[in-house]
Amino acid sequence: MAITTRFAAIDAMPELPRAVPPDWNRIGRRFKQYVLNPENRVMFVNGKGNSHFAAFHDGTGEELITLGGVVLGAIFQGGDVTPYMRSLRDFYHPDHRMFFNRPKGAPKAEMMEYWYLMFVNALAAGIVKRKAGEEPELVPMLRDSMDGLIRLAHRIRYDFNDQGFDFDHDVPFTFREEFRQPDSVGGYAYLMVFAYDMFGDDRYLTEARIAMDRYLAFPGNPWYEMPNTAMACHAAARLNRLGSRYDVGRAVSYAFDHEKGPLHVGKWGDREVSGLMRGWFGNLDESELRIAYSLETLVLLPYLLPALKEEPELAGPVGKYALHAASNAQWFFADRMPEESQSTPHFAPDVPYENLIHRAEGPSPYASGDFFGHRSVYGGAMTIWWDAMMSRTEDPFIWIWDLDTTDFLGRDEEEGTRHLLIYNPYGEERTVRAALPEGGPYRGEALGGGTTLFERAEGIADVLVPAGTGMVLRLERLP
C-alpha cells in the first residue's frame, strides 16, 4: 500500500531554521530538578501523604496529566519513582474501575473530556508497563481501565464527536460545538494496541482496528488536541507491524496540517514559529490561529518517532519537522525571550510558558498563559522526555533522536536492537559522529534500504547521511 510521505507545510519550511536549537538535555534536567524541589512549591503532599505536582507553577490541583508526565520522564532517565507509585493510585476510581485525570472526590472528577481521558490513561499505562515487575498490584487496575474504555466505546458506538463523557450520569456532554473531539477515536486505538501488547487478548486488537479504520476514514482532519493525533500515528504503525495496511502518512498528515490542523509555519515578528502547534481546534477562529501551546508542541515527537521504525520512508519530513520544533520551541522559556515579551518574567525560567501569542500590537510572539496559570508544569514535563530522547552531535543543527525510549508498543520484540533518527538539513551529504547507546558494540544499517553502514562500532560511529534527508539507523547489538 502506498504511504503518504509529502506534506506541503513541511516542504514550506526553510531547510535550516534561523535559530540554533538550545540544549534540550539541559532544559529537561533543570525542569526536573526544579519541580522535584519542595522549596519551589510545585510538588506537594496531599491529605493521603502522596506526592503530586501542580499543573501550573502558579496554580494548584492534583492531576494525572502532570504526575504522569513527570514520573514517566523520570523513568526514561532511570530515576527512582517508587515514592510516586502510591500517588498513581489516587487517580484510579474503583466505582468506575478507570483512571481519571482528577482523584475521586475532586469537583467534577467523573466528567472527563475525551482527550484528557485518552492521554491520562496512556500516561498511567506507560508507568504501569515499565514498573509492572515492581508494582504488580497496579496491573489489574490498568486492565480494568482498558476494559472500561471498551465499555465506553461500545456505549457511544465509537462516536467520540462530543466534548466528553459524564460517567456519573452515563451520558456524553458537549458545552459548545467547537469543543467536540472526534479525534479521540485515534487515542482510543492507541490504548487498545497498548492493551493488546501488554495483555495479549485479541479483543483489544479487534477494538484497535475498528477505531483506526474510523480514524483514517474521516473525510477531513478530525484533530482537536495533539495527544490523540500523536498517539494515533504510533498506533497505525504498530498495527501495520501486526498485519494491517494503514497509511501511516495520512495519520501524520493530520499533525502536519497548516490549513485545517494544528501546525504553525512561518514567522511571528522576528522569530520563526515553524513546528509549533496550536492548542486545540477552537473552530479555527482567529484567536486560536494566533496561539501556540507548549504541551501540544512537545508531546508530538515522543509518540510519532517510534512509528519510523515501521515506516522509515517518513524519516525525511519527520526529521525536518523535529529540527524546526527543537529550534523554535525554545520561545516558550523565559530565558529565551526579552522581558517585555512575556507575562511573568519574575518566575524562574525552568518551567515553560503555557502558550505563545501572535499579537497585532506590542511584542510578538508574546509568552503567556490563561486564567489557570502562565507556566505549564504538565507541558514542561515533556522536556524530561525530550532530554531522554535527544543527543547532540558536533553540528548544532544535527541532533540524534532515540526511537525506542518512548516506544511502549512492541518495544521488546527485537531484543538487542536500538533505533536512531538522524536528519541532515544540508544540501550535501554529511558524516555524523553518533554516540552509541551504552557504548555498543553494534552493527549498523539504514532501515528501509537495508544498507550496511558499519559492521562493528563501539562508543562512536561515523554515519554518512545523504543531503537533505533523514535516516533511521538500526543498531544490532554484537557480542
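Positions are given from 1 along the sequence.
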Check: P172 main-chain N/O paired with D162 side-chain donor or acceptor under 3.5 Å | no
Sorted by chain and number, sequence neighbours left out, ring-ring contact (aromatic ring centres under 6.0 Å, His included) with W386 holds for W24, W401
Give a yes-or-no answer on whether the side chains of Q181 and N161 include a donor-acceptor pair shorter than 3.5 Å.
-> no
Does the ring center of F173 lie less than 6.0 Å from the ring center of F175?
-> yes
Donor-acceptor contact below 3.5 Å, side chain D183 vs main chain E225 | yes
Those residues at least two apart in sequence (or on a different chain) that pass ring-ring contact (aromatic ring centres under 6.0 Å, His included) with F256 are F7, Y321
Sidechain-backbone polar pair: S294 side chain, F332 backbone, donor-acceptor under 3.5 Å = no
Tell me, please, which residues at least two apart from Y366 pass side-chain hydrogen bond (donor to acceptor under 3.5 Å, both in side chains).
-> none
Can you pull the side chain to side chain donor-acceptor pair (under 3.5 Å) pairs that have at least one residue in residues 465-475, sequence neighbours excluded?
-> E414-R474
Please list, chain by chain and in numerical order, all residues satisfying side chain to side chain contact (heavy atoms under 4.5 Å, CB included) with R250, sequence neighbours excluded.
-> L216, D247, S253, Y254
Using the ring of W331 (Phe, Tyr or Trp, six-membered ring only), decide whether R336 places NZ or CZ under 6.0 Å from its centre and within 45 degrees of its axis.
-> no
With sequence neighbours excluded, what pairs up with Y158 under the ring-ring contact (aromatic ring centres under 6.0 Å, His included) test?
-> H154
Under the side chain to side chain contact (heavy atoms under 4.5 Å, CB included) rule, collect the residues that match up with E361, sequence neighbours excluded.
-> none
Straight-line distance of L191 CG to M118 CE, nearest 0.5 Å | 6.5 Å
4.5 Å side-chain heavy-atom contact, Y423 and I398 = no
Classify the ring geometry between H52 and F91 as parallel (under 30°), tilted (30 to 60°) or perpendicular (over 60°).
-> perpendicular
Determine, using ring centers only, whether F160 and Y114 are less than 6.0 Å apart.
-> yes
Does D335 come within less than 4.0 Å of R30, counting only side-chain N to carboxylate O?
-> yes
What is the ring orientation for W385 with F76, classed by angle as parallel under 30°, tilted 30 to 60°, or perpendicular over 60°?
-> perpendicular
Please list, chain by chain and in numerical order, all residues satisfying salt bridge (Lys or Arg N to Asp or Glu O under 4.0 Å) with D166, sequence neighbours excluded.
-> none
Counting distance only, does the side-chain N/O of R359 pair as donor-acceptor with the main-chain N or O of P363 below 3.5 Å?
-> yes
Cationic N near anionic O, under 4.0 Å, K309 to D404 = yes
R433 meets the salt bridge (Lys or Arg N to Asp or Glu O under 4.0 Å) criterion, sequence neighbours left out, with D462
Separation between CE of M226 and CG of L304, rounded to the nearest 0.5 Å | 9.5 Å
From F53 CZ over to L64 CG, what is the distance, rounded to the nearest 0.5 angstrom?
-> 12.0 Å
Does any pair with a residue in residues 367-382 pass side chain to side chain donor-acceptor pair (under 3.5 Å), and if so which ones, sequence neighbours excluded?
-> S343-H374, T344-R375, Y353-R375, E354-S376, E354-Y378
Any side-chain heavy-atom pair from Y215 and T229 closer than 4.5 angstrom?
-> yes
Distance-only polar pair, side chains of N40 and H57, donor-acceptor under 3.5 Å = no
Do the side chain of H258 and the main chain of L263 share a donor and acceptor less than 3.5 angstrom apart?
-> yes
Would you say the side-chain atoms of D402 pair up with the backbone N or O of M390, donor to acceptor, closer than 3.5 Å?
-> no
Which residues share a side chain to side chain contact (heavy atoms under 4.5 Å, CB included) with A106, sequence neighbours left out | R102, P103, A109
What about the rings of Y303 and Y190, do their centers lie closer together than 6.0 Å?
-> yes
Distance only, no hydrogens: is a donor on one side chain within 3.5 Å (strictly under) of an acceptor on the other, for N101 and E63?
-> yes
Side chain to side chain contact (heavy atoms under 4.5 Å, CB included) partners for E428, two or more places apart = Y426, R430
